[in-house]
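Below is one structure, written out as structure tokens, with a few remarks after it.
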Number of protein chains: 2
Amino acid sequence: MARGGSASQAGTGSVSRPRATVMRDVARLAGVSHQTVSRVLNNHPNVRQETRDRVVQAMEALNYRRNLAARTLVTRRSGTLGIVGFESTLFGPASMLYAIEDAARAAGYFVTVATVRRLDRQSVLDAVDRLAQQSVEGIIAISPKPAVTNALVQVASVLACVGVGAAGDDAVPTVRVDNRAGAALATRHLLDLGHATVHHIAGPPDWPEAVERVDGWRETLYAAGAVVPPVHPREWTARSGYEQGQKLAADPAVTAIFCANDQIALGVLRALHEAGRRVPDDVSVVGFDGMPDSEYFLPPLTTVRQDFAELGRRSIDMLLRKIDSTGQPAEHMLLEPELILRDSAGAARS
Amino acid sequence: MARGGSASQAGTGSVSRPRATVMRDVARLAGVSHQTVSRVLNNHPNVRQETRDRVVQAMEALNYRRNLAARTLVTRRSGTLGIVGFESTLFGPASMLYAIEDAARAAGYFVTVATVRRLDRQSVLDAVDRLAQQSVEGIIAISPKPAVTNALVQVASVLACVGVGAAGDDAVPTVRVDNRAGAALATRHLLDLGHATVHHIAGPPDWPEAVERVDGWRETLYAAGAVVPPVHPREWTARSGYEQGQKLAADPAVTAIFCANDQIALGVLRALHEAGRRVPDDVSVVGFDGMPDSEYFLPPLTTVRQDFAELGRRSIDMLLRKIDSTGQPAEHMLLEPELILRDSAGAARS
DNA sequence: CCGCCCGATGTCATCGATCACTGTAGCGCC
DNA sequence: GGCGCTACAGTGATCGATGACATCGGGCGG
């Protein structure tokens, strides 16, 4: 869909709408030149207050809005930012999107989105291309996999980019949560409760977030001198948690499970329940993400909360900084997650 | 934030980037006029095949992309659609957004979003105004409350609009799910299992979706000659379900509960569990939405599934039709939801 | 063999803003 | 009184595309 009319290029239009009011209309009504209107619009100092008032009144009377396309054409600044989003209903990305739009608007920017179905290089480049066509001034990629971030490298030289989620090539600045620390928090908590060791159900092995959580968990166990059980990374879904939970539930030695996200934990809770193992009496469970519903799981889930909204805001901050000053070395920002104590993790029975 | 320079209007720009290649560059390389390039780009018939090839090659060699701003300026068609989204992490809106972007892209349109924090008239008008500034050709409003749809009426005369979710003023076309039928499905199912009546935990009373579900539930009970218990509409949250679930759990006469959405059901399940009432043995529970996690609730939730992705696609279809032919009477489309049978609803004990 | 028409291109104006100049009045200063 | 400066306003070019119209050959009918 890259070039010319290859795709059906939108409809054939319709009846001519009444022409919108333009600068000249305002100028005429206010009895000034269009340039003066422009100056008022852009807060130039050299306009007498009285003139300014007259122009503003005229704008109001005619309900004038400036034409962004014309402005973009001449200034080469569209005032819009692009988001590359991952098509998923995971809780995180969705809430991030809203936070991003909100922060962007506050900074005076518009937001356009391009979603990708698969997290591979080509899909991401396509999405970026679509955004580039709209002459966005910067791109935020919700980029949980390195393929995404790495695809951005290719673009970063001509367009400000920020990745949210996973790290990748160091040339692209990123904002992400300290997954390792979060996993350590969870694991440490379970060990402190007296569990001999902690089992882990991991996310997909090609997601750095999943890998980092595994690392944080493993390191904590290692440092505590605890046995490190094997992990079998799978998916982020409740189904995956359920299936692996069934296996762990069958093993009486398992008393503590740290799940790579809350949805996995949901599946684990069901598996444990069905196996007749009580939570937290027989087995303690901790999740990761802090999705709102987790408070109402059975039992309410102890979990590591990531502040997705904050993640979104920070990524905009960073992108704006990047836009204003290109050439700076890429920053990386790490947000600390927070352990939320609820019922699903209790003391080990001696 | 309506008029010029009132808000901090984006950054101050940066170093001049190398000028992008434009039509003239392509024309020069291909040895034709820029107009011929334009003709190739727009699939005009009167271009010799050989010339066309040369132009296409030049475009490829220079990696040319047409400038959307310039095109928009002269054609008055931006090729972008706007979405008014509700800032929420409800499962539905998020998955709809992705479906919409996908369908829009397939139709050759770009998508920009404007989110609202509150569902009141002014917020919506602000969002629409932002989209209008970007000269979108149509707007899809994820509009669960009538205030949203009604605000659109004011806009509908100059801009194609479609509401997704709740109905409102009849002038704005809408796509939505038949909540009444869905509620009837759920209620009917519970009655068929032998329950004397069905209790309902409703969503917010100012959301038509919630009201319609109440209606469908009430009508079904009425038609079956069953007692209609009182409802106390609250929120869509698990918390709200939990709190009301506690009350219902205390009443032994309650054997079947239909929840206005899956999150409410989650809260209800916890309340029932804590009260020692087993599901489905003592109490049957049915939800609404069909969010993926509901399959792993304890027990897996019988629920009424709405196809949000389909909702998104249909709304784009309708919007495109509306754009191509203004003045048509507003259509309304109703999608039928589907009952998903799982464990949480069982036969009443006699 | 002339004139007409059509297919293939080129030329020029245009969309609606901004930017770089130019122009003008009023004031202070020498 | 003339010079220069500042504050204010206007003029014209420009961004990169499209659309209307002009141009230029060549084929074809009469």
Q) In terms of the nearest nucleotide of DNA chain C, which residue is placed more toward the 5' end: A:V37 or B:T36? A)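 Going by which nucleotide is closer to the 5' end, it is B:T36.
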
Q | Base versus backbone protein contacts along nucleotides 20-25 of chain D [heavy-atom cut-off under 4.0 Å; B, S, -] | A | B-----

(Q) Going by the rule side chain to side chain contact (heavy atoms under 4.5 Å, CB included), which residues pair with B:R39 if we only count those two or more places apart in sequence or in a different chain? (A) B:Q35, B:T36, B:H44, B:V47

(Q) Holding to side chain to side chain contact (heavy atoms under 4.5 Å, CB included), I want the full list of residues that pass it with B:A70, two or more places apart in sequence or in another chain. (A)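 So B:A70 forms a side chain to side chain contact (heavy atoms under 4.5 Å, CB included) with A:L73, B:N67.
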
**Q.** With sequence neighbours excluded, residues passing salt bridge (Lys or Arg N to Asp or Glu O under 4.0 Å) with A:R121
**A.**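 A:R121 satisfies salt bridge (Lys or Arg N to Asp or Glu O under 4.0 Å) with no other residue.
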
Q. What residues form a salt bridge (Lys or Arg N to Asp or Glu O under 4.0 Å) with A:R24, not counting sequence neighbours?
A.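 A:R24: no salt bridge (Lys or Arg N to Asp or Glu O under 4.0 Å) contacts found.
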
Q: State which residues pass side-chain hydrogen bond (donor to acceptor under 3.5 Å, both in side chains) with A:Q49; sequence neighbours excluded, sorted by chain then number.
A: A:D53

Q | Contacts of A:D120 that satisfy side-chain hydrogen bond (donor to acceptor under 3.5 Å, both in side chains) - sequence neighbours left out | A | A:R118, A:S123

Q.
Taking the axis from the first five pairs and the axis from the last five, what angle separates them in the helix from C:dC1-D:dG30 to C:dC30-D:dG1, rounded to 10 degrees?
A.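 Computed from the C1' atoms at both ends, the axes differ by 60°.
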
Between [X] and [Y] (side chain of the first, backbone of the second, donor and acceptor by atom type, cut-off under 3.5 Å), is there such a pair?
{"X": "A:R313", "Y": "A:A103", "result": "no"}
{"X": "B:Y98", "Y": "A:F86", "result": "yes"}
{"X": "B:S78", "Y": "B:S135", "result": "yes"}
{"X": "B:Q133", "Y": "A:L68", "result": "no"}
{"X": "B:E137", "Y": "B:G79", "result": "yes"}

Q: Could you check how far CZ of B:R77 sits from P of D:dG16, rounded to whole Å?
A: 23 Å

Q. Rounded to the nearest Å, what distance is computed from the CD atom of residue B:Q49 to the P atom of nucleotide C:dT9?
A.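 These atoms are roughly 11 Å apart.
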
Atom pairs under 3.5 Å: protein N/O with N/O of nucleotides 15-17 of chain C:
from	atom 1	to	atom 2	distance (Å)
C:dC15	O3'	B:R76	NH2	2.9
C:dG16	OP1	B:R76	NH2	2.7
C:dG16	N2	A:A70	O	3.4
C:dA17	OP1	A:Y64	OH	2.7
C:dA17	OP1	A:N67	N	3.0
C:dA17	OP2	A:M23	N	2.6
C:dA17	O5'	A:Y64	OH	3.3

**Q.** For A:F308, ring pair (Phe, Tyr, Trp, His ring centres under 6.0 Å) partners two or more places apart
**A.** A:F91

Could you list the protein-to-nucleotides 5-8 of chain C atom pairs, N/O on both sides, closer than 3.5 Å?
none

(Q) So, taking the atom named CG in A:D25 and the one named CG in A:N63, what distance separates them when rounded to the nearest 0.5 Å? (A) 12.0 Å

Q. Pick from A:V116, A:V128, A:L119: which one makes a side-chain contact (heavy atoms from CB on, under 4.5 Å) with A:V148?
A.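 Among A:V116, A:V128, A:L119, the one meeting side-chain contact (heavy atoms from CB on, under 4.5 Å) with A:V148 is A:L119.
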
(Q) Closer than 4.0 angstrom, basic N to acidic O: yes or no for A:D102 and A:R105? (A)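 Looking at A:R105 together with A:D102, the answer is yes, because their closest N to O distance falls below 4.0 Å.
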
I'd like a list of close polar pairs between nucleotides 4-6 of chain D and the protein, N/O only, cut-off under 3.5 Å.
none

